[in-house]
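Note that these values count all heavy atoms, side chains included, but never hydrogens, waters or copies made by symmetry.
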Amino acid sequence: MGARMVAALLARRPDAVLALPTGRTPQPFYDELVRLHRERHLSFARATTFNLDEYVGLAPDHPASFRRYMAEALFDHVDLAPERIHVPDGRAADIPASCAAYEAAIAAAGGLDLAVLGLGADGHIAFNEPTSSLGSRTRMKTISEATRAANQPAFGAEPVPQHVITIGIATILAARRCVLLATGERKAAALAKTVEGPLTALVPSSALQLHPHATVLCDEAAASALALADYYRAVYAAKPAWQRE
């Protein structure tokens, strides 16, 4: 469904500006976008993308870099113009200036039309770890040991970097629409806190409660801790077609 949302947006607005995630959860999302491009002629030719984050110190062609992940998952398989692709520069000599330039580039592109987000088991979105400022913009962050451990398989025996560049929570909330992807029982507690818990910096994803147009796409395992899951199913079933996307 996430890929269909992107396809519908690009049909309405071919020059849409997208914020894109990385990781295991969005891989099927990218697989479907590539299929739609190949079989249904979905075009990205006028779209602009901004990735959510990147590790500090990794070269773009490093096997674990998010720039390389995106090339392999999407960029190399669709007609997205290279000059319209933006990924934070983890090797910038002046990181604060590079972060400010990233925010300026988003603004110059007209702002984000759609931010697609993954959900960390601790409730982080992008790399906004627990206690991140809800008013934050693109900056360097130190990632938690739990997050580093979760990302260790991508690095093999090499240590996971301690620092990342990430767009901020305020950057995400400024998007015209947000879509949160969550799959698997490991994300169930975080998703319940995101949707039903209090708004708190301890669960950065709970900030999405403030967004006027945020959608959660999850499987049954990720939804298993939601107290009002039956109500949400009834609400969705009763929605008119125009509200479903």
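- For Arg24, the CZ atom sits in a loose shell: 12 or fewer heavy atoms of surrounding residues, nucleotides or ligands are nearer than 6.0 Å.
- Side-chain contact check for Asp219 and Thr183: no donor-acceptor pair (N or O, by modelled atom type) lies under 3.5 Å.
- Panel note: side chain Glu103, backbone Thr138; a donor-acceptor pair is recorded below 3.5 Å.
- A distance of 12.0 Å separates CG in Leu18 from NE2 in His86, rounded to the nearest 0.5 Å.
- Taking every heavy atom of both residues into account, Pro21 and Gly118 meet most closely at CB-N, 4.0 Å.
- Annotation: side-chain contact (heavy atoms from CB on, under 4.5 Å) contacts of Asp89 (sequence neighbours excluded): Arg91, Ala92, Ser98.
- Between Phe44 and Phe75, the distance separating the two ring centers is not shorter than 6.0 angstrom.
- Residues Tyr69 and Gly23 approach most closely at OH-O, 2.6 Å, considering heavy atoms.
- For Tyr55 (side chain) and Gln162 (main-chain N/O), no donor-acceptor pair under 3.5 Å exists by modelled atom type.
- For the residue pair His62 / Glu158, a side-chain donor-acceptor distance below 3.5 Å is found, with atom types taken as modelled.
- Once rounded to the nearest 0.5 Å, the distance linking CD of Glu72 with NE2 of His77 reads 7.5 Å.
- Shortest non-hydrogen contact noted between Leu191 and Ala222 is CD2-O, 3.4 Å.
- Side-chain contact between Thr25 and Leu119: absent, with no pair of heavy atoms (C-beta onward) separated by less than 4.5 Å.
- In the hydrophobic cluster analysis, where Ile, Leu, Val, Met, Phe, Trp and Tyr join through side-chain heavy atoms closer than 4.5 angstrom, Leu10 is grouped together with Met70.
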* Determine, stepwise, if the pair Thr147 / Phe127 fulfils side-chain contact (heavy atoms from CB on, under 4.5 Å). => CA-CA 9 Å; Thr147 298; Phe127 266 124; 3.5 Å; yes
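- Note: the hydrophobic cluster containing Leu173 also contains Val17 (ILVMFWY, side chain heavy atoms under 4.5 Å, direct or indirect links).
- In this model, no donor atom of one side chain and acceptor atom of the other lie less than 3.5 Å apart for Arg139 and Thr166.
- Looking at every heavy atom in both residues, Arg148 comes nearest to Pro159 through NH2-CB, 4.4 Å.
- Distance CZ/Arg4 to CG/Leu217: 9.0 Å, rounded to 0.5 Å.
- Taking the charged nitrogens against the carboxylate oxygens, Asp113 and Arg13 do have a contact shorter than 4.0 Å, which makes a salt bridge.
- Using a distance-only test at 3.5 Å, with no hydrogens or angles considered, no donor-acceptor pair links the side chain of Ser206 to the main chain of Thr194.
- For residues 185-204, no residue pair satisfies the salt bridge (charged side-chain N to carboxylate O under 4.0 Å, His left out) rule, not counting sequence neighbours.
- For the atom pair Ile143 CD1 and Asp122 CG, the distance stands at 10.5 Å (nearest 0.5 Å).
- Heavy-atom minimum distance, Ser205 versus Ile125: CB-CG2, 3.7 Å.
- Contact record, Leu208 with Ala214: O-CB, 4.0 Å, taken as the closest heavy-atom pair.
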